[in-house]
Amino acid sequence: MPTYDYRCKKCGHEFELFRSIVDEAVVLCPKCGTVADIIIGKGAGVIFHGSGFYLTDYSKKHNIS
C-alpha cells in the first residue's frame, strides 16, 4: 500500500498514512479529529548508479577504448 502525507485543516498537524485505494476518502486528524487534506509532493528524483550510464545504456554503440 502506498504512503500518503496529510495536513490537518484546523491544527496544521502533518502525518502519514498507509492507505489502500479502496479505503474511505475522508481522513481525520489523529490529534483533533478535523478533516485533513492530502499533501501533493514533488515526487522522487531520478538516481543514476554506475559510470557511463548514457554511453552504456542509451547511446548508439560506439567503439570506446
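The first residue of the sequence shown is numbered 1, and numbering continues consecutively from there. Only heavy atoms go into these numbers, but all of them, side chains included; no hydrogens, no water, no symmetry mates.
Rounding to the nearest 0.5 Å gives a distance of 12.5 Å between CG of Asp23 and CZ of Phe18. Note: Arg7 CZ to Asp37 CG = 8.5 Å, rounded to the nearest 0.5 Å. Note that the NZ atom of Lys31 and the NZ atom of Lys10 stand 13.0 Å from one another [nearest 0.5 Å]. Put simply, OH on Tyr4 and CD on Glu16 are 12.5 Å apart, with the number rounded to the nearest 0.5 Å. With values rounded to the nearest 0.5 angstrom, Cys29 atom SG is found 10.5 Å from Glu14 atom CD.
Side-chain contact between Arg19 and Thr3 is absent, with no heavy atoms from C-beta onward closer than 4.5 Å. Inter-residue side-chain proximity for Leu28 and Val26 is flagged as met; some heavy-atom pair is nearer than 4.5 Å.
The minimum heavy-atom distance linking Ala36 with Phe15 is given by the pair CB-CZ, 3.7 Å. Across all non-hydrogen atoms, the minimal contact from Cys11 to Cys8 is N-SG, 3.4 Å.
Hydrophobic clustering (side-chain heavy atoms under 4.5 Å, transitive across Ile, Leu, Val, Met, Phe, Trp, Tyr) groups Leu17 together with Ile38.
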